[in-house]
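Source: prediction; values computed, not measured. Values below: every heavy atom of this structure, side chains too, minus hydrogens, waters and symmetry copies. Along the sequence shown, residues are numbered consecutively beginning with 1.
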Amino acid sequence: MQNWKHWHLQVESNGLGFLTFDRAKPDGSTDSTNTFSSEALRELGDVCSYLRTNSVKGLAIQSAKDNGFAAGADIDEFTSFKTVEEAGAMTKLGLDVFDQVEALPFPTVALIHGFCMGGGTELALACRYRIADEGPKTKMALPEVMIGIVPGWGGAQRMPRLIGAGQALGLMLTGRAVNAKTAKRMGLVDVVTPRRHFTNAATMLLQKPPAPHHPALKDAITNWPFIRGLVANASRKQVAKKARPDHYPAPYAIIDLWEKYDGDPRKVPADANASMQKLFEHPTARNLIRIFKLQDRLKALGAGSSDIKHVHVVGAGVMGGDIAAWCAFKGMTVTLQDLDHDRIAPAIKRAVALYKKKFKEAHLIQAAMDRLIPDVKGDGVAHCDLVIEAIIENAEIKKTLYASIEPRLKPGAILATNTSSIPLQELSTSLARPERLVGIHFFNPVAMMMLVEIVQGPQTSDEVMQSAQIFVKKIEKLPLPVKSAPGFLVNRILTPYMTEAQVMLEEGIPAETIDAAAKEFGMPMGPIELADTVGLDVGLAVGTELHKPGNPQPKKIQELVAAKKLGKKTGEGFYKWVNGRPQKSNGSGTVDLAPLWMRMTLPAVNEAVACVREGIVADADLCDAGVIFGTGFAPHRGGPINYLRAAGKDVLLAEMKALQDKHGARFAPDAAWSSI
């Protein structure tokens, strides 16, 4: 038997082989996750060579890791390549090795549990059959589009053949993951069973192999030559609604790769838009890969175990209610307090909608609802491990609430505020134990926004900070530690961008044009629509808190709030809203949008420079991560500091100077531009 570092082969007496993927670290110790390094791929090629010359009747490929089958390519190796040629060599290596798996002269089956992403899914597709664990943690995806590349190890070829191009493009163009039951329904997997039955299921399948899966006619026709162009064109139109090719070339490359080259990257000319070379050279891929690694860094900040099991949320408004719903969704016992049941009822209704969307199965929906407990009297305060206050943005009202809560808390309980702008030093003055007050600041909409700022006041203990970060990771959000200062990080950077947009609106520039300019820069949503979505009352409170003397204060938002026109939640703000959608006039005319987005984004970039200088976050990378995951700041640009460096400090400083000359001191560059 061969001695491989990352793969272990066991051949049973019945002639069936079980090949276990157990990725090892360079020092030989066991790694926590299966990823494909060049070494692991070459070893798999050696395994295939060995198997072709030995009497094996069938092969099951499984993972030794409890967390999943395989997460894809080794991102650390992937990002260490010095040249495009090195990246291309790894792409070819994976293609050639998985072709060897597909060509093995006996039936093969992948045994999938947990995450099966990218290269993991491509290896599974190279097998003749796939068996998936029925558990909720099983997820299959080809998410390469999310890091600006295409499925490079055969997935773009094998998945359309297996389930039809319509379904396959739907997954590849979004990076969307599917669970085991959905994968079975689509034809991605052949059998769904508990993991404990994998050995028996694989044995039965390999000893009496059925005909491999073929897509139903309605799916198969999407691969037919004379239909292929129609499917490709329809897909391009759908992608164009969400992404520009100069910002995000990867989805367009995926369509070209499938339509013109049958999904095989080896057939793509180096100068074609669908080539790996072109994608690797594009700044979007570099920036998206950087964001992927920053996301892992944020997750690591929440590493550890947490004793927090019961969360008490005070305030059942949009933010408080949705925070409570999310915590219950993630397994916490949650008590939700407000002045009366009528105020809590809308939050419960939204929670039901969330759980129906996420779970789909009645018993799971009911279990989540059972964990979310209305609590008008606030009885949960005395029993909870964590209180999250999510009431009105008014320091005095918050302090009055704390005075009633603090004496009832358990000794080890944490008191957290969801304030979006008020410094903790202002809120902690009357607390007997200010060291346990921490900011846990979620973003709206809670279910969609991944980032949560963990705000450390001058007296917040390090232990409370760490517990808050672990809690946020536990509910599957990204914790970002920030220092307590007005607006913290995200709102401080977002506010000058939003304010400038509203100043432009009051100058007579149409809201639709302003939003179009922001989207041309790469923002997922324009600032006027965003203000309506967040709530104009919230935006006004934050803007007032962070207003700098001498800067303009938009009047329109004040008028709308006074008239109770608060945006999406009331049906009217800057826009009128119908069925959850803003009613906009068509297009932005023939206006040159670049000067508009430059005028809006540079104040945000300038504030980001100031935040790094002041140490609001540990470094520039965390600043970029916070703004991207907290606001959606043009991901393809890699964050405000990364954008500044890529565009060139001198170029942007010249723009700042011109804007300062025209509009005043609010465009004066921060002192740290020279050193950033």
Is the closest side-chain heavy-atom distance between V318 and D322 below 4.5 Å?
yes
Check for a donor-acceptor pair, side chain of E77 on one end and backbone N or O of S38 on the other, with a separation under 3.5 Å.
yes
Charged N to carboxylate O below 4.0 Å: is that the case for K477 and E453?
no
Is the shortest distance from a Lys or Arg side-chain nitrogen in D621 or K293 to a carboxylate oxygen in the other one below 4.0 Å?
no
Using the side-chain contact (heavy atoms from CB on, under 4.5 Å) rule, take N444 and M319 through it: C-alpha gap first, then chi angles, then the decisive distance, then the call.
CA-CA 7 Å; N444 188 30; M319 284 301 297; 3.6 Å; yes
As a quick check of understanding, evaluate side-chain contact (heavy atoms from CB on, under 4.5 Å) for W153 and F36, giving each step before the final call.
CA-CA 11 Å; W153 291 344; F36 292 98; 3.8 Å; yes
Taking T460 for the side chain and L437 for the main chain, is one N or O donor matched with an acceptor at less than 3.5 Å?
yes
Quick one: does any side-chain atom of Y497 pair with a main-chain N or O of P603 as donor and acceptor, under 3.5 Å?
no
Donor-acceptor pair, side chain of S428 and main chain of L431, under 3.5 angstrom:
no
Any side-chain heavy atom of I641 sitting closer than 4.5 Å to one from V605?
no
Could you check whether H441 and F443 have their ring centres less than 6.0 Å apart?
yes
Please walk me through it: do I440 and F471 pass side-chain contact (heavy atoms from CB on, under 4.5 Å)?
CA-CA 10 Å; I440 301 183; F471 160 72; 4.2 Å; yes
When you check the side-chain N and O atoms of N67 and T33, is any donor under 3.5 Å from an acceptor?
yes
Backbone of K309 reached by a side-chain donor or acceptor of D385 within 3.5 Å:
yes
Taking atom types as modelled and ignoring hydrogens, do the side chains of E389 and T417 form a donor-acceptor contact shorter than 3.5 angstrom?
yes
Could you check whether D74 pairs with R23 (Lys NZ or Arg NE/NH1/NH2 to Asp/Glu carboxylate O, under 4.0 Å)?
yes
Step through the shown structure and confirm whether more than 12 heavy atoms of other residues, nucleotides or ligands are within 6.0 Å of NZ on K519.
no
Hey, does the side chain of R436 reach the backbone of A413 with a donor-acceptor pair shorter than 3.5 angstrom?
yes
Is a side-chain donor-acceptor pair under 3.5 Å present for E393 with S420?
yes
How many angstroms lie between CD1 in I493 and CE in M498, if you round to the nearest 0.5 Å?
14.0 Å
Can we say K65 and D31 salt-bridge, meaning some charged N sits less than 4.0 Å from an Asp/Glu carboxylate O?
no
Only pairs under 3.5 Å count here: list side-chain donor-acceptor contacts from residues 608-617, not counting sequence neighbours, and write none if there are none.
from : atom 1 : to   : atom 2 : distance (Å)
R613 : NE     : D670 : OD1    : 3.4
R613 : NE     : D670 : OD2    : 2.8
R613 : NH2    : D670 : OD1    : 2.7
E614 : OE1    : R492 : NH1    : 2.7
E614 : OE1    : R492 : NH2    : 3.3
E614 : OE2    : R492 : NH2    : 2.7

Run K474 and D307 through salt bridge (charged side-chain N to carboxylate O under 4.0 Å, His left out) and show every step you take.
CA-CA 10 Å; K474 187 175 181 179; D307 295 328; over 6 Å; no
Side-chain heavy atoms of F629 within contact of L480, under 4.5 Å:
no
Would you say the side chain of K569 lies within less than 4.5 Å of the side chain of D537, judging by non-hydrogen atoms?
yes
So, for F521 and F633, is the gap between ring centers shorter than 6.0 Å?
yes
Heavy-atom check, side chain of I388 versus side chain of H312, under 4.5 Å
no
Have D22 and N34 got a donor and an acceptor in their side chains that come within less than 3.5 Å?
no
With a 3.5 Å cut-off and no angle check, do the side chains of T182 and N179 form a donor-acceptor pair?
yes
Min side-chain heavy-atom separation F69-T121 under 4.5 Å
no
Taking NZ, NE, NH1 and NH2 as the nitrogens, is one of them in R637 or D624 under 4.0 Å from a carboxylate oxygen of the other?
no
Does any non-hydrogen side-chain atom of E144 lie less than 4.5 Å from one of E122?
yes
What's the spacing between R297 CZ and I291 CD1 if we round to 0.5 Å?
14.5 Å
Should D66 and K137 count as an ion pair when the cut-off is N to O under 4.0 Å?
no
Once you round to the nearest 0.5 Å, how far does OH of Y252 lie from CG of L279?
13.5 Å
With a 6.0 Å cut-off on ring centres, are F292 and F78 close enough?
no
Just by distance, no angles: are the side chains of T138 and H113 close enough, under 3.5 Å, to form a donor-acceptor pair?
no
Excluding sequence neighbours, so at least two apart, what forms side-chain hydrogen bond (donor to acceptor under 3.5 Å, both in side chains) with D515?
Y575, K584
